[in-house]
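Notes follow once the structure below has been shown.
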Amino acid sequence: MATPRRRIGLEKIGLYDVGRVIGRGNFATVRIGRHRIAKTKVAIKSIDVSKLDKENLVKIEREVQILKTIDHPHIVKTYEIMRHDRMIYIVTEYCSGGELYDTLIEKGRVPENQARKWFAQTASALQYLHSRGIVHRDLKAENILLGKDSEIKLIDFGFSNFQEPDNLLNTWCGSPPYAAPELLLGKSYDGMKADIWSMGVLLYILVTGGFPFPSDSVNKLKRSVLSGQVKIPYWVSVECADFIRKMLVLNPAKRYNIQNVLQHRWMSGQDETPSFLSSQLLEAIPSSSFEIRQQTTSKLNPTIMLFMQQHGRWGEDQICDAVRRRDFESPIFSTYELLHDKVKKTSDGSSGDDYPRRGSRGSILSGRANVDDQPLTPTISAHQLAQLNLSSPESDSDDSSNSDLCDDSPMSSSLRPQNHDRQFGFAAQGLDVTSAQNRHENRRHTLCASEQILTPNLIPFTSPLLNGIHLNAPLGITPMPEGQAADFSTPLLHPAFGVADYTRMLPVPKNERRASAGETLLPTNFDIQQHFANLPNNTLTFPETVEEEGKTYLNKYGGKRNTVHCLNNQMGGGIQNPIPRYNRAPYSKAPPTERRSSWASAAPSQQQQNHLEKLFKQTLQVHNDIQNLHKEFNELSYNCSQSTNEGSSLACPQISITDEYNRQHNIAPSASSFDPVSMFQKNAQELVFGQRPATAIGFSSTTSFSGTSTPDQTARSMDDRVKSFVSSLPFADIIEELKNSLNSLKIPFSETNELVYEDHEMRRLSLPTGVEIGVAVLPPEQKSHVEFAILSNDSPTSEIICDQLICRLRMIDPNSTAE
Ligand SMILES: Nc1ncnc2c1ncn2[C@@H]1O[C@H](COP(=O)(O)OP(=O)(O)OP(=O)(O)O)[C@@H](O)[C@H]1O
């Protein structure tokens, strides 16, 4: 007999009952909620600020600030910001239609009429933002939700920012497949024009089901984008193709702006006169905007006021004050807004404006109360109040029902409140939410763009290299010198995996679509299982370099645009993914159950784990590089791939290093474990698919970078672009060794002498790849302090160069210590 689930009360946050998880971001969990007075469903995004670094705190606060200032029918509406202890909760309207991304997965490309509707609504939202000097910077199908009637709702303002006219931005934001060429080149950019590029990509996806610039790596993506060639399939109309090309113009100065977009003839459709749609869209903006309502704050809706006084126990003055101040941090304001929107929805056929113009016959709330000069205590009918008290007709199955607040299990459905419970003040007792958190867990995260490579709090103030130089650097990745391309060096393909034929990735008609590489940016025509089967047992070779390894890894296990979130999966023995990602088309139909899980994961045997663990410990002890570990791990992976079923070729060994390593390094025992696969996976995915142009690839570079770091330190160091260590060797010896090493590696460098704190000498060696090496004497012991900083590019080769140099220095001074 099935064990009954534990019955627990519904969680409450502020005035909301909180239910199941509907989405996850990097730092946020989004859950469905229901306002207890308005009885409206909302989405509640919760962020644990204690887990954020300074950079992400700034990002969240900016998102909050921007959300507070915007109101547009096609931008998700914000109702309330709550701050409790270490949490920030952002309450927004709930979009029941899910992500446009998912719809495209289900449907593939959509007919042009449908594409026009969605695109025009998105363009209208963008026009609204740009007219207010706001750039979104992360436009993509995953950040476009669908409302109840399939209308567009733009979300995720995590990367949005204010842009002054004529000012350029520097921070690398966005998702590579949607990134404008100027971003790929690492130049300063006009955020509005970059948004238009993303719109071009979006329209292309809508009408073709594939990406315009298929590629298997950022480097190839960049080449494809910079070629200036966009291949548009034959079924796309001439107008639409022309429109796409106008948005995908390489030169931002010649690219369409949002006004041009709204006025393009494709936007008006066939039967309508040009610009009809755009003017309609533009008109839609003021009719719902805060500005309009702000002008009429003297006319707060009396029915809502009365209702709130009765049910919220707030006084008239309090309500007026909160609403007039638009106090998003007050439950009074959110309650008013939710009720206001509810009234708007229920007012059948009304204009959506609950303040009828003079002489109008009024909406459902019309009457004396709505005449401009009426006092705030009008006569209000019982009917009007009842309308607020009850669910709106169309929302019974949506806005106001509780079904999404609880689990779908038979037990919980039997516990669901009946209609009569849908009164305000409903106490959701006995709802079963035990498994709510387990659903909708796997999501493609947006990776944070590194607002700054050299995070100020990671840079020691006494840094010899950065003293006075980078501490004051503005937020944002240091832009490359004009015209210099970002160096996304293409990892070599391991010979074992062949070279994919990307020319076959152009979208083709739906039934036979092999699809572009958008989602995975990986070959769809390569059968890894078959390949392994064809390999003679003794010919398996292993990649020599980290890049090769990364490439191999991606080829084997697939990837996607964003960081994988593979719940229940990373720790070995997780969900079996029946279709390897590399076999899948980006926007083609795929069973929802497997779509979000990213890895097939067969647990290695205990013996294998022990073996790797031992090897890892040895690696750390002898200060060796971890090539050996790589090799062993590859063998293990290979064995697993041979021994498991199709699609489950990856094992995620967990190597516990809690004991010996910690003892050696006087680290208190912890439950830390080292998971090379997930670390590798994370880095590799960040390199190719993440928001950062490139991040350290492979665990070898980050591990050996700081030598004997703990796994935790290793994980942290991925974001840390400054590495330093201290050697007891004299300053001159270190300089000489560095110079010799660079010469033997045939890496040119320039050398400068500088004086740093207390007149100590510092030597700076600048490499063309953007690596800067600073060496200074560390008082009072006169030890040499060597610092490596990767400044103006994110190339993994920079990391490798630093790595090699550090190894060489360690060889001449085994006693050097990482800082
Ligand atoms: N208003 C909403 N209605 C329905 N679902 C939502 C809503 N807001 C967010 N979601 C879901 O939650 C997911 C994560 O939300 P969001 O993108 O705002 O979080 P995030 O932390 O900014 O994510 P990321 O790390 O990708 O930037 C969305 O992709 C979407 O599926």
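Just so you know, these numbers come straight off a predicted model, no measurement behind them. Start at 1 and go down the list; that is how both ligands and their atoms are numbered.
Looking at Y94 next to ligand 1, no N or O pair under 3.5 Å apart turns up. Backbone and side-chain nitrogen or oxygen atoms of C95 are examined, and one is located within less than 3.5 angstrom of a nitrogen or oxygen of ligand 1.
Within ligand 1, the atoms closer than 4.0 Å to a non-hydrogen atom of D156 are 17 (O), 22 (O), 23 (O), 24 (P), 26 (O), 27 (O), numbered from 1 in the order shown. Of all atoms in ligand 1, listed by their number and element, those nearer than 4.0 Å to a heavy atom of A28 are 21 (O). Within ligand 1, the atoms closer than 4.0 Å to a non-hydrogen atom of T92 are 1 (N), numbered from 1 in the order shown. Numbered from 1 in the order shown, with element, the atoms of ligand 1 that lie under 4.0 Å from a heavy atom of V76 read 1 (N). Each of the following atoms of ligand 1 lies closer than 4.0 Å to a heavy atom of E99: 28 (C), 29 (O), 30 (C), 31 (O). Taking every non-hydrogen atom of G23 and a distance limit under 4.0 Å, the qualifying atoms of ligand 1 come out as 11 (C), 12 (O), 13 (C).
Judged by distance alone, with hydrogens and angles left aside, the side-chain atoms of E80 form no donor-acceptor pair with the main-chain N or O of S334 at under 3.5 Å. Of the possible donor and acceptor atoms, none in the side chain of T40 sits under 3.5 Å from a partner among the backbone N and O of H35.
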As a quick check of understanding, evaluate salt bridge (Lys or Arg N to Asp or Glu O under 4.0 Å) for K148 and E93, giving each step before the final call. CA-CA 11 Å; K148 215 165 47 212; E93 75 180 289; over 6 Å; no
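Applying the ring pair (Phe, Tyr, Trp, His ring centres under 6.0 Å) test to F119 and every residue at least two apart in sequence or in another chain returns F243. Partners of R86 by salt bridge (charged side-chain N to carboxylate O under 4.0 Å, His left out), not counting sequence neighbours, listed by chain and number: D48.
Under the ring-ring contact (aromatic ring centres under 6.0 Å, His included) rule, Y178 has a single partner from Y101, Y204, F211, which is F211.
Looking at L145 against ligand 1, only its side chain comes within 4.0 Å, counting heavy atoms. The backbone of R24, and not its side chain, has at least one atom closer than 4.0 Å to an atom of ligand 1 (non-hydrogen atoms only; backbone = N, CA, C, O).
Ranked by closest heavy atom to atom 5 (N) of ligand 1, the top entry among I144, I22, T29 is I22.
A salt bridge is defined here as a Lys NZ or Arg NE, NH1 or NH2 lying under 4.0 Å from an Asp or Glu carboxylate O, and E337 with K77 meets this definition.
If you check the side chains of R137 and Y189, you find a donor sitting under 3.5 Å from an acceptor.
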